[in-house]
Structures are given as C-alpha cells and as structure tokens.
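Just so you know, ligand 1 is whichever comes first in the structure, and atom 1 is the first atom listed for that ligand.
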Amino acid sequence: MINWHNASFETSCGAPSQLFASDLPEIAFSSKSNVGKSSLINKLLGRKSLAKTGSEPGKTRTVNFFNIDGQLRFVDLPGYGYAKVSKEIKEKWMKLMDAFWQSERDLRLVLQLIDMRNGPSADDLMMLDFLNYYGYTYVVAATKADKLSKRQRAENKEKLQAIKQLSGVRIVEFSTFEDAGKNEIIALIEEKVK
Ligand SMILES: Nc1nc2c(ncn2[C@@H]2O[C@H](COP(=O)(O)OP(=O)(O)OP(=O)(O)O)[C@@H](O)[C@H]2O)c(=O)[nH]1
Ligand SMILES: [Mg+2]
C-alpha cells in the first residue's frame with residue numbers, strides 16, 4: 001500500500017549532470033507549458049502547492065522530483081513548446097529533457113497531458129511520436145475538462161482518441177476541480193508500481 005499523504009519534494013535538477021540514477025520507480029509528467037502538470041501532481045497528492053504552478057507558461061524550469069512514501073517518485077518536467085523564452089534557455093531545457101529521456105530510468109508510466117479544449121499541438125504530436133517510437137508506457141490526461149460542457153467533453157475525447165498516434169492509448173479526462181480522473185490515475189499508478 002502506498003501512503004499518498006506521505007509525499008515530499010526531494011530535489012530539482014537544472015542541468016543534465018545533476019540528474020541522478022533512478023533508484024525508485026518513477027512516474028513522469030509531460031506536456032506543453034501551462035497544460036497543468038504541476039497542478040495534476042498536487043491534485044493526486046492532495047496538496048495545494050507542493051509542485052509550484054503558475055498562470056503563465058514556463059513555470060517549471062527544472063526537473064523536479066517528489067518522493068512518495070519512499071516507494072516511488074513523481075517527476076515534474078518543464079513544459080515544451082513555450083515560445084517566450086530566449087533561444088539559449090530553450091536549448092538548455094531541450095538538453096535537460098533529452099538527458100532525462102535518455103538516462104536509464106525505472107520509468108513505469110508517463111502521464112502525457114493534453115489540453116482538452118484545444119487538442120494536441122504540433123509539439124504534442126511530436127511528443128506522442130517520440131513516446132510511441134521508444135515504446136514508453138503512457139496514458140493521456142486530457143486536462144482542464146472543467147472548461148468544457150459535457151457534450152464538448154465527449155466530442156473532444158472522441159476526436160483525441162481518433163488521432164492516429166493515440167489509437168489504443170488510454171485517455172483519462174481530468175480536472176483539478178473533480179475527483180473522477182484523479183482516482184483513475186491513482187489506480188493506474190498503483191498498478192504500475194506494484
Ligand atoms: N480550469 C482549470 N485550470 C487548470 C487545471 N489544471 C491547471 N490549471 C491552471 O493552468 C495553469 C497552469 O498550470 P500548471 O500546473 O502550472 O501547468 P504546467 O503544465 O505545470 O506548466 P509549466 O510548468 O509552465 O510547464 C494554472 O493557472 C493552473 O491553475 C484544470 O484542470 N482546470
Ligand atoms: Mg509546471
């Protein structure tokens with residue numbers, strides 16, 4: 001049994017050399033900037049601001065590790081596709097992300113977030129191609145579901161599921177204001193970490 005209340009921030013890595021070997025099962029959170037990775041982590045852990053969130057894209061700028069009950073780690077990644085930073089900073093983030101994905105890790109599941117209102121961006125499609133190509137186990141959390149009507153939710157979920165890259169991939173509707181998606185994701189993680 002995982003005690004989900006026993007979670008703490010462990011460390012931030014801002015450069016590839018700071019990434020340490022993964023000695024616990026990991027769950028990584030990936031998406032474009034501002035789609036809700038840090039908010040999803042807080043929601044899963046029942047915490048207000050363990051992971052720092054922001055109304056502006058580009059809030060998370062380092063790879064942040066959270067230890068959960070000594071049994072697994074959540075990895076909060078910086079968002080991609082954020083235009084408003086300098087070329088140097090973008091390159092620095094790219095190198096950091098490459099180093100993360102290339103390092104040998106006990107990565108059990110990737111939570112790939114997509115804004116449910118807009119569907120996948122070109123960057124999202126590239127990310128999905130990457131996950132598929134390298135055979136990562138991932139599920140999609142379709143976030144900000146609260147901003148859509150029930151009907152739009154059903155329609156947008158169907159559209160997402162119809163995308164070639166997402167054929168057969170599990171899509172979970174998620175909102176920080178609801179518990180349904182949270183419980184589904186917790187169950188998926190428990191299954192993978194077991
Ligand atoms: N309405 C609504 N807003 C959300 C939801 N999830 C996140 N947000 C808001 O979206 C904004 C971005 O959330 P973050 O969790 O910081 O997003 P992020 O993906 O970590 O962003 P970066 O760190 O920049 O990559 C914040 O203003 C959140 O409050 C949701 O489910 N519903
Ligand atoms: Mg963040």
Side-chain angles (χ1 to χ4, degrees), residues 7-15 18-19 26-68 73-86 89-101 109-128 130-131 138-150 152-154 156-157 160 171-186 188-189:
S8 57
F9 167 76
E10 215 166 4
T11 188
S12 284
C13 301
Q18 294 171 342
L19 286 170
E26 291 180 346
I27 311 292
F29 295 76
S30 158
S31 78
K32 217 170 88 171
S33 279
N34 209 236
V35 174
K37 298 173 292 299
S38 303
S39 303
L40 171 54
I41 288 176
N42 289 331
K43 177 75 182 180
L44 295 179
L45 299 176
R47 301 279 286 268
K48 270 213 167 73
S49 54
L50 185 64
K52 300 286 173 280
T53 63
S55 50
E56 294 282 310
K59 180 70 184 174
T60 307
R61 297 174 170 225
T62 48
V63 178
N64 297 332
F65 292 87
F66 299 89
N67 184 307
I68 294 137
R73 286 195 179 93
F74 276 2
V75 189
D76 189 10
L77 296 167
Y80 50 77
Y82 176 46
K84 285 185 195 154
V85 290
S86 68
I89 295 201
K90 250 190 219 167
E91 272 167 17
K92 195 178 153 206
W93 289 358
M94 286 290 283
K95 279 190 187 140
L96 180 63
M97 300 291 276
D98 281 351
F100 174 79
W101 291 112
L109 183 69
V110 178
L111 262 293
Q112 174 63 37
L113 282 66
I114 295 177
D115 189 321
M116 201 173 190
R117 295 168 299 174
N118 317 321
S121 65
D123 287 323
D124 286 332
L125 292 174
M126 265 170 59
M127 190 67 213
L128 295 175
F130 171 86
L131 294 171
Y138 71 97
V139 294
V140 166
T143 66
K144 308 198 183 183
D146 55 279
K147 296 204 172 187
L148 294 171
S149 69
K150 226 177 158 184
Q152 283 173 312
R153 278 165 82 145
N156 290 12
K157 189 175 176 189
L160 266 180
I171 299 173
V172 182
E173 283 177 52
F174 182 81
S175 163
T176 52
F177 300 108
E178 297 168 12
D179 282 334
K182 168 188 167 170
N183 296 336
E184 197 176 335
I185 292 169
I186 290 276
L188 277 167
I189 295 171

Taking [X] for the side chain and [Y] for the main chain, is one N or O donor matched with an acceptor at less than 3.5 Å?
X      : Y      : answer
Lys182 : Leu40  : no
Asn34  : Gly54  : yes
Asn156 : Met116 : yes
Asp124 : Ser121 : yes
Asn42  : Leu50  : yes
Lys52  : Ser49  : yes

Shortest protein contact, [atom] (heavy atom only):
atom                    : result
atom 30 (C) of ligand 1 : Thr176 OG1, 3.3 Å
atom 19 (O) of ligand 1 : Lys37 NZ, 2.7 Å
atom 8 (N) of ligand 1  : Lys144 CE, 3.7 Å
atom 22 (P) of ligand 1 : Asn34 N, 3.6 Å

Min N/O separation Lys59 to ligand 1 under 3.5 Å: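 Indeed, backbone or side chain, Lys59 has an N or O that close.
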Nitrogen or oxygen atoms of Leu77 and ligand 1 under 3.5 Å apart: no
Protein-derived N, O or S atoms lying under 2.8 Å from the Mg ion (ligand 2), waters excluded: 2
Ligand-residue contact atoms, ligand 1 with [X], heavy atoms, under 4.0 Å:
X      : answer
Phe177 : 1 (N), 2 (C), 32 (N)
Gly58  : 24 (O)
Lys147 : 1 (N)
Ser175 : 31 (O)
Gly79  : 25 (O)

Flag for Asn67-Ser8: side-chain donor and acceptor within less than 3.5 Å: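 Side chains of Ser8 and Asn67: no pair found under 3.5 Å.
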Any donor-acceptor N or O pair under 3.5 Å, side chains Thr176, Ser39: no
With Phe100 via ring-ring contact (aromatic ring centres under 6.0 Å, His included) - residues at least two apart: none
Residue portion contacting ligand 1 (non-hydrogen atoms closer than 4.0 Å) for Asp146: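 It is the side chain that touches ligand 1; the backbone stays farther off.
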Side chain, backbone, both or neither: Ser38 near ligand 1, heavy atoms under 4.0 Å: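 Both backbone and side chain.
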Nearest heavy-atom neighbours spanning Ala7 and Arg47: O-NH1, 3.0 Å
Minimum heavy-atom distance Ala28-Leu77, with the two atoms named: CB-CD1, 4.3 Å
4.0 Å heavy-atom contact, Thr143 with ligand 1: no
Per atom 11 (C) of ligand 1, closest listed option by heavy atom (Ser55, Gly36, Gly54, Ser39): Gly54
Interatomic distance, Leu45 atom CG to Phe74 atom CZ [nearest 0.5 angstrom]: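 If I round to the nearest 0.5 Å, the distance is 5.0 Å.
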Salt bridge (charged side-chain N to carboxylate O under 4.0 Å, His left out), paired with Glu178, selected from Lys147, Arg153, Lys43, Lys144: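 That would be Arg153; it is the only one of Lys147, Arg153, Lys43, Lys144 passing the salt bridge (charged side-chain N to carboxylate O under 4.0 Å, His left out) with Glu178.
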